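Okay, structure first, notes after.
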Amino acid sequence: MRISDILRVKGDQVVTVTPESSIEQLLEVLAEHRIGAAVVSRDGAVVDGIVSERDVVRALALRGAGVLAEPVGAIATAKVRTVAPDAQLEDVERLMTRWRFRHVPVVVDGALCGVVSIGDVVKNRIGELETERSTLTEYITGDRA
Ligand code: AMP
């Protein structure tokens with residue numbers, strides 16, 4: 001399955017924050033959209049970084065609650081691994097496993113066009129397995145599930 005197939009169903013909305021937004025504002029955005037990470041972007045198109053709830057937890061543990069007033073840019077990851085829409089679901093699974101993160105922005109011609117999360121990966125993988133199982137059951141028994 002291609003990433004573009006996943007985005008067609010889930011949509012291409014990407015929640016972004018600017019590097020100057022405070023970490024407190026980031027937490028409001030994450031809570032409002034019920035997500036675990038936001039792409040850091042100055043113009044809403046170019047990926048300048050990514051920041052997840054894990055970065056906030058780590059900063060809070062290391063520096064205390066005062067960190068909430070600091071800018072997102074102070075804790076974001078600058079080297080972001082992205083995929084193109086024609087990448088396969090397996091490519092994203094490999095990236096998430098290899099680098100231990102749960103979010104991968106989708107970029108085409110240098111501009112954001114979606115995000116795939118571990119939740120999307122699991123949902124689509126389960127869908128594929130269910131389709132495969134009913135096809136095999138039908139093949140073996142001759143019955144439609
Ligand atoms: P996550 O598991 O996505 O909450 O992120 C875990 C850590 O990886 C955090 O430090 C994130 O800033 C970072 N991170 C998340 N997604 C990416 C990505 N696609 N490329 C590089 N770093 C990432």
Side-chain angles (χ1 to χ4, degrees), residues 1-139 145:
M1 180 181 285
R2 280 183 197 279
I3 297 307
S4 52
D5 299 326
I6 295 173
L7 294 183
R8 203 168 299 122
V9 176
K10 117 170 221 192
D12 58 2
Q13 196 212 2
V14 185
V15 176
T16 63
V17 290
T18 64
E20 296 78 28
S21 319
S22 71
I23 296 172
E24 196 166 4
Q25 286 169 329
L26 165 72
L27 290 180
E28 282 164 18
V29 169
L30 296 181
E32 181 193 340
H33 294 274
R34 297 168 176 262
I35 54 176
V39 172
V40 181
S41 175
R42 288 183 181 83
D43 63 4
V46 174
V47 177
D48 296 311
I50 191 162
V51 63
S52 93
E53 52 204 2
R54 285 202 184 165
D55 299 309
V56 180
V57 168
R58 203 174 302 135
L60 281 171
L62 291 174
R63 309 213 291 273
V67 85
L68 294 177
E70 288 185 23
V72 158
I75 63 163
T77 302
K79 185 177 187 313
V80 184
R81 293 183 195 269
T82 63
V83 289
D86 62 356
Q88 297 288 328
L89 182 58
E90 287 80 3
D91 299 326
V92 170
E93 286 171 354
R94 251 179 248 120
L95 273 183
M96 288 180 170
T97 308
R98 168 73 181 83
W99 298 103
R100 294 168 181 262
F101 47 61
R102 298 165 293 175
H103 303 86
V104 179
V106 186
V107 171
V108 71
D109 295 332
L112 261 174
C113 64
V115 162
V116 179
S117 75
I118 189 101
D120 302 319
V121 169
V122 172
K123 182 172 167 232
N124 284 279
R125 181 57 81 205
I126 288 173
E128 278 185 350
L129 289 172
E130 279 171 355
T131 306
E132 193 178 296
R133 190 177 72 109
S134 54
T135 306
L136 283 172
T137 304
E138 192 184 322
Y139 176 72

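Please read all numbers here as calculations on a predicted model, not as lab measurements. For ligands, and for the atoms within them, numbers begin at 1 and follow the listed sequence.
At a heavy-atom distance under 4.0 Å, only side-chain atoms of Pro105, from C-beta outward, approach ligand 1. Residue Glu53 does not touch ligand 1, judged by heavy-atom distances below 4.0 Å.
Considering only non-hydrogen protein atoms, atom 2 (O) of ligand 1 sits nearest to Arg102 NE, 2.7 Å. The protein heavy-atom contact nearest to atom 20 (N) of ligand 1 is Arg81 N, 2.9 Å. Protein heavy atom closest to atom 16 (N) of ligand 1, with residue, atom name and distance, is His103 O, 3.0 Å. Counting only heavy atoms of the protein, atom 8 (O) of ligand 1 lies nearest to Phe101 CB, 3.6 Å. The nearest heavy-atom contact from the protein to atom 10 (O) of ligand 1 is Asp55 OD1, 2.5 Å. Atom 5 (O) of ligand 1 has Ser52 OG, 3.4 Å as its closest protein atom, hydrogens excluded (heavy atom only). Regarding atom 13 (C) of ligand 1, its nearest protein heavy-atom neighbour is Thr77 OG1, 3.6 Å.
The shortest side-chain heavy-atom distance between Arg8 and Asp5 falls under the 4.5 Å cut-off. At a threshold of 4.5 Å between non-hydrogen side-chain atoms, the residues Ile75 and Arg63 count as touching.
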**Request:** Might you work through the side-chain contact (heavy atoms from CB on, under 4.5 Å) test for Leu60 and Leu68, ending with a clear yes or no?
**Result:** CA-CA 8 Å; Leu60 281 171; Leu68 294 177; 4.2 Å; yes

**Item:** Derivation of the side-chain hydrogen bond (donor to acceptor under 3.5 Å, both in side chains) call for Thr137 and Ser134
**Value:** CA-CA 5 Å; Thr137 304; Ser134 54; over 6 Å; no

Sequence neighbours left out, cut at 3.5 Å: what donor-acceptor pairs do the side chains of residues 35-45 make with other protein atoms?
| from | atom 1 | to | atom 2 | distance (Å) |
| --- | --- | --- | --- | --- |
| Ser41 | OG | Asp43 | N | 3.4 |
| Ser41 | OG | Asp43 | OD1 | 3.2 |
| Ser41 | OG | Gly44 | N | 2.8 |
| Ser41 | OG | Ala45 | N | 3.2 |
| Ser41 | OG | Val46 | O | 2.7 |
| Arg42 | NH1 | Asp48 | OD1 | 3.3 |
| Arg42 | NH1 | Asp48 | OD2 | 3.4 |
| Asp43 | OD1 | Ala45 | N | 2.8 |
| Asp43 | OD1 | Val46 | N | 2.8 |

Per-pair distances, 0.1 Å, donor-acceptor, side chain in residues 81-95, under 3.5 Å, sequence neighbours excluded:
| from | atom 1 | to | atom 2 | distance (Å) |
| --- | --- | --- | --- | --- |
| Gln88 | OE1 | Met1 | N | 3.3 |
| Glu90 | OE2 | Arg125 | NH2 | 3.4 |
| Asp91 | OD1 | Arg94 | NH1 | 3.3 |
| Asp91 | OD2 | Gln88 | N | 2.8 |
| Glu93 | OE1 | Arg125 | NH2 | 2.9 |
| Glu93 | OE2 | Arg125 | NE | 3.0 |
| Glu93 | OE2 | Arg125 | NH2 | 2.9 |

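Of all atoms in ligand 1, numbered sequentially from 1 with element shown, those under 4.0 Å from a heavy atom of Lys79 are 21 (C). In the vicinity of Ile50, heavy-atom distances shorter than 4.0 Å reach the ligand 1 atoms 12 (O), 14 (N), 15 (C), 16 (N), 17 (C), 22 (N), 23 (C).
Rounded to the nearest 0.5 angstrom, Ile126 CD1 and Thr131 OG1 are separated by 11.5 Å.
Shortest non-hydrogen contact noted between Val115 and Val14 is CG2-CG1, 3.6 Å.
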